[in-house]
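Here is the structure we will look at, set down as structure tokens.
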Amino acid sequence: MSIVNAIHVKSITDIQNEIIEEFEVYDDWMDKYNYLIEISRELPVIDSKLKVNENLINGCQSKVWLNAEYNQGKIDFSADSDAIITKGIVALLIRVLSGRTPAEILNVDLYFIDRIGLRQNLSPTRSNGLLSMIKQMKLYALAYQTKYQ
Amino acid sequence: MSIVNAIHVKSITDIQNEIIEEFEVYDDWMDKYNYLIEISRELPVIDSKLKVNENLINGCQSKVWLNAEYNQGKIDFSADSDAIITKGIVALLIRVLSGRTPAEILNVDLYFIDRIGLRQNLSPTRSNGLLSMIKQMKLYALAYQTKYQ
Amino acid sequence: MNFNIDQIRKDFPILSQQVYNRPLVYFDNGATTQKPQCVINCINDYHTQHNSSIHRGVHYLSEKATEDYENARKTVQHFINAASSNEIIFTPGTTSSINGLAFSFGERYIREGDEIIVTEMEHHANIVPWQMLCERKKSRLRVIPFSDEGILKLEELDRMINEKTRLICVIHVSNALGTINPVNEIIQKAHQHNIPVLVDGAQSVQHTSVDVQQMDCDFFAFSGHKIYAPTGIGILYGKEKWLDELPPFQGGGDMVDVVTFEKTTYNSLPFKFEAGTPNYIGAIGLASALDYVTSLGVENIAQHELTLLHQGTEKLLNLGYVKLFGTAPHKSSILSFIVNGVHPYDTGMVLDKMGIAVRTGTHCAQPVMQHYGIEGTVRASVALYNNALEIDALVEGVKKVKTMFG
Amino acid sequence: MNFNIDQIRKDFPILSQQVYNRPLVYFDNGATTQKPQCVINCINDYHTQHNSSIHRGVHYLSEKATEDYENARKTVQHFINAASSNEIIFTPGTTSSINGLAFSFGERYIREGDEIIVTEMEHHANIVPWQMLCERKKSRLRVIPFSDEGILKLEELDRMINEKTRLICVIHVSNALGTINPVNEIIQKAHQHNIPVLVDGAQSVQHTSVDVQQMDCDFFAFSGHKIYAPTGIGILYGKEKWLDELPPFQGGGDMVDVVTFEKTTYNSLPFKFEAGTPNYIGAIGLASALDYVTSLGVENIAQHELTLLHQGTEKLLNLGYVKLFGTAPHKSSILSFIVNGVHPYDTGMVLDKMGIAVRTGTHCAQPVMQHYGIEGTVRASVALYNNALEIDALVEGVKKVKTMFG
Ligand SMILES: Cc1ncc(COP(=O)(O)O)c(C=O)c1O
Ligand SMILES: Cc1ncc(COP(=O)(O)O)c(C=O)c1O
């Protein structure tokens, strides 16, 4: 299933549950990582001219570029990373949060992270910067909400 | 027995053994301290005009003034301290070392210190500065030896 | 009060130690405190199961250690009620906290002719770094005196503050006299002139509850080893607005963002002030100690210690031949005294042989001794695990000293 | 060789730890090392039986702690063969040692226009303090480059030294490349011009025998936690003639002689440089770790590690898709590499889940990464307790990484 399709028809909860289900079949970390690698390939890749320092997220050992665009009340995210697993993780976030309203993004409870075993990645000091990515997405949401309301 | 008498007739070894014997009767620290207090009273007290900073020994929590005089090949020490136990300890040193030749002082093995239970006082960091006193006495001995030979 | 001292004493294995075949009576808590079993276990477990360097590691142990270290920071934050964990800097101890601050604050704000105010009651750790800074910057150290009871003369402060004053540094609880200083009042006065205040809390956090926001101090320093934690760890608290402006005290790993030989940029708070591998096991041990203190209740501890302090004060004064230094009505934990006619060192030596550990000398506060024209005092300092029997042992010890030295 | 690795591994309780249900393979030793049982026990015993603050105490525990602390200093002295224990300063770690020196040396000797030489291979701890100093004093940092194998271009040093050069700072063993630098030669050259040399020994003391007199360095720094000792303790060695001349880095208790508000005089060496309560338990733990290392034999350790390093190098290179950074013939303990086409972070994440702890990133040596134009490397660093099976596990891990990321 393609991410783009999912965005418009399913709720955030639906998609989170979907991801949890997909990951449930793997109890080995290597399989989870393999799946993340697969997912990373589905990431709507950021325009190369957007891969600039201003779009870099701090606090990751790998580089993560994240771009947000406001489209009729919703935010579309695109991203890239030079590390594959990080790219897979950001792809999951985008699958859940892209095409949502600022309010939805600001209020989201990303419970899937815990359930698929990435909770430890949420620690503020985790060098993969999952927390920084989420923070950045919420910052965009806040900025657009402020701007357009 | 008075210190002054002892100095001229007995060897350093004799006096050390004498001190060890005197202390042997005490197995309680309080009795040892009481005896040191007693001994402190026998210290040939330094002339008050010699209680100057130049005669102060470093590294003691209490003040110790030590003076040395060269007399026909031998060194006479006098001292004082504002703390009584320290004064008792320096009195013991003087009883052993005053009236001796520089060579005797430089070569002395002060085994009595260990035997009467003051060994821990010999630690370089001991704040009573027993080690500093001995060092200072040997420094005087060295100075006079160099000067008069 | 729910403070079972007999039970609590069992938490501290060293208290059942014998010295010279006598039970240890440990009254040198102002110098360093003993560690409860939970802190000892915490360190032990860390070394046997979890040890790993923090921050840049990708692996399991490193992630765990990093998380524990950052949680320790939050524990400290809540313990002193700081507004953010960014305001909590781990240092090797109070002395390092103050020296670090002196360097950074000095570089940023101190110019020739400026003035820094301290008190006559400070520990050397809160004098010498400022003297060194003043010498470097050709600025001036001014000193608030105290009265013979050990009370700061705050009216002098009013006269001293002027447009050249850049910082006020004050000891919260005096380690030599026990006085609890009116830091709130000092801070209020200072802030009326926009002058920041550093509070040296080395002797306060373990005895009274500290709330840096309520106190409104700009900086606060303390040492782990004086609050039942391991050696080699301490805290510098600073309001974020100050820490943001100050340059780092030290350079090295972890405190940087980008390093090139042309230009180096620094990491964000709190990391900017933590160069190199920190004492993360010390920090985790400190958190464990603070949890222990919290579990007993800081107020309960304060009350227990105050009871002992009053008992000690009364019994020593009743002897008729003990002079107490530090008789302010608002006091904590410190009994600083001289047995009339007896050198403090003699007193300490005899108490030692009775198993009673006290400190003698100037307590790194020579100006306090100069104030009274004395060489030093005997200091018995009370901690949460001391009890009334130990106070009695101390009084008996003093009696013995008097009979011996007369 | 009398080096029973199976037996030795039993000395380190953490090595029997499991992560993600797999046996721990700990190759992050360059960051920090694990602790042998004797060191763990030493600290435990200290906390349960002996703990007491040092120096100014008159009582039994304080005397004992003081003696143990000063004996620890002697143990360090003998371990690096310093001429006197006065030359051994306890600090919180390498970073603090270098920052302290940068401050004191800077105050005493560095003026506008002066030059300090470092190498392109330095850890941030030996760059940033000097940058900060140069900025403060308007002096200049000069950099000896290295070749792509990771060998310093010493001919550049000859061109760089001039009458403005005040100090040369060089890393002994590179933490990012493993190169053992020719410090003796550098020191000889420097001394011909009367320029002192600081050697950063953070990655050398634990891997090769260090003799500061034979090396003739003027200053030498290392960290306890990288040589099987606790965190929060390190060493600054300095020749007595230098330490006598340098001002103290920090002010506070114990480092002073007389304190008055008019004038403060300092204590003698080594105390002049040890302000405040030192991490005495860390120091005593360090001595215990050094005794352990000595009991195994530094030369035996070096040989064992070198064997593993060679095995690892060969097996990784044989894979055909691993690029090694740092290929100097004279190397120690560090395998710094990239699996072709795979981000070091991905490599580290996968190895982690296989129980293999490595470090990824710049290793606090960004200029080294800039040299190669890379973001970072994967670093496996070997310690005395690693074995050949672990090297094989690493190689298997790398194979797995390659199949996963292609
Ligand atoms: C070569 C080198 N120098 C300095 C340091 C800094 O040591 P520490 O973090 O213990 O202060 C390290 C360790 O990270 C190192 O490898
Ligand atoms: C009031 C005060 N300030 C500062 C210090 C210095 O603390 P540390 O030696 O832990 O750095 C002490 C302890 O000796 C103290 O009592």
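Lettering of chains follows the sequences in order, A, B, ..., and the numbering in each one begins at 1.
Residue D:Glu107 touches chain C through its side chain alone, counting heavy-atom pairs closer than 4.5 Å. Contacts of C:Phe249 with chain D are made by backbone atoms alone, with heavy-atom separations under 4.5 Å and no side-chain atom involved. C:Gln370 touches chain D through its side chain: at least one heavy atom from C-beta onward sits under 4.5 Å away, while N, CA, C and O do not. Proximity to chain C involves both the backbone and the side chain of D:Pro129, based on heavy atoms less than 4.5 angstrom apart. Residue contact with chain C, scored on non-hydrogen atoms closer than 4.5 Å, involves the side chain of D:Leu24 exclusively. When heavy atoms are compared at a cutoff of 4.5 Å, D:His47 approaches chain C by way of both its backbone and its side chain. Both the backbone and the side chain of C:Ser96 come within contact range of chain D, judged by heavy atoms closer than 4.5 Å. For chain C, the nearby part of D:Pro278 is the backbone; its heavy atoms alone come within less than 4.5 Å. For C:Gln17, the part lying under 4.5 angstrom from a heavy atom of chain D is the side chain only. Only the side chain of D:Gln131 comes within contact range of chain C, judged by heavy atoms closer than 4.5 Å. Contact of D:Val143 with chain C is made through the side chain alone, with heavy-atom distances under 4.5 Å. Neither the backbone nor the side chain of D:Thr94 comes within contact range of chain C, judged by heavy atoms closer than 4.5 Å.
Listed options C:Val39, C:Ile40, C:Ile281 were ranked by heavy-atom pairs under 4.5 angstrom with chain D; first place goes to C:Ile40. Counting heavy-atom pairs under 4.5 Å between each of D:Gly93, D:Gly253, D:Ala365, D:Pro230 and chain C puts D:Gly253 at the top. When C:Leu141, C:Leu61, C:Thr48 are compared by the number of non-hydrogen pairs under 4.5 Å with chain D, C:Thr48 comes out ahead. Of the listed residues (D:Ile98, D:Ile233, D:Val258, D:Asn126), the greatest number of heavy-atom pairs within a distance under 4.5 Å of chain C belongs to D:Val258. The greatest number of non-hydrogen atom pairs below 4.5 Å with chain C, out of D:His50, D:His363, D:Gln49, D:Lys64, is found for D:Gln49. In terms of heavy-atom pairs under 4.5 Å with chain C, the best-connected choice from D:Ile127, D:Val118, D:Ile43 is D:Ile127. Between chain D and the options C:Ala357, C:Gly348, C:Gly355, the largest number of non-hydrogen pairs under 4.5 Å is found for C:Ala357. Among C:Gly234, C:Ala102, C:Gly232, the residue with the largest count of heavy-atom pairs under 4.5 Å with chain D is C:Gly232. Interface remark: of the candidates C:Glu122, C:Gln37, C:Glu120, C:Glu120 forms the most heavy-atom pairs closer than 4.5 Å to chain D. Per-residue heavy-atom pair counts under 4.5 Å with chain D were compared for C:Phe261, C:Trp130, C:Tyr46, and the maximum is reached by C:Phe261.
For the pair C:Thr277/D:Thr95, no side-chain contact is recorded, criterion being any heavy-atom separation below 4.5 Å from C-beta on. Proximity of D:Pro367 to C:Val259: side-chain heavy atoms (C-beta onward) are separated by under 4.5 Å at one or more points. With contacts defined as side-chain heavy-atom distances shorter than 4.5 Å, the pair C:Ser62/D:Arg359 qualifies. For the pair D:Tyr266/C:Val128, a side-chain contact is recorded, criterion being any heavy-atom separation below 4.5 Å from C-beta on.
Taking both residues in full, the closest heavy atoms of D:Asp28 and C:His59 are given as OD2-NE2, 2.8 Å, listed atom of the first, atom of the second, then distance.
Judged purely by atom type and a 3.5 angstrom limit, C:Asn99 has no side-chain atom pairing as donor or acceptor with the backbone of D:Gln250.
Atom CG of C:Asp352 and atom CD of D:Glu63 lie 7.5 Å apart (nearest 0.5 Å).
With sequence neighbours excluded, the residues that form a side chain to side chain contact (heavy atoms under 4.5 Å, CB included) with C:Thr32 are C:Tyr26, C:Lys35, C:His225, D:Asn51, D:Ser53, D:Tyr280.
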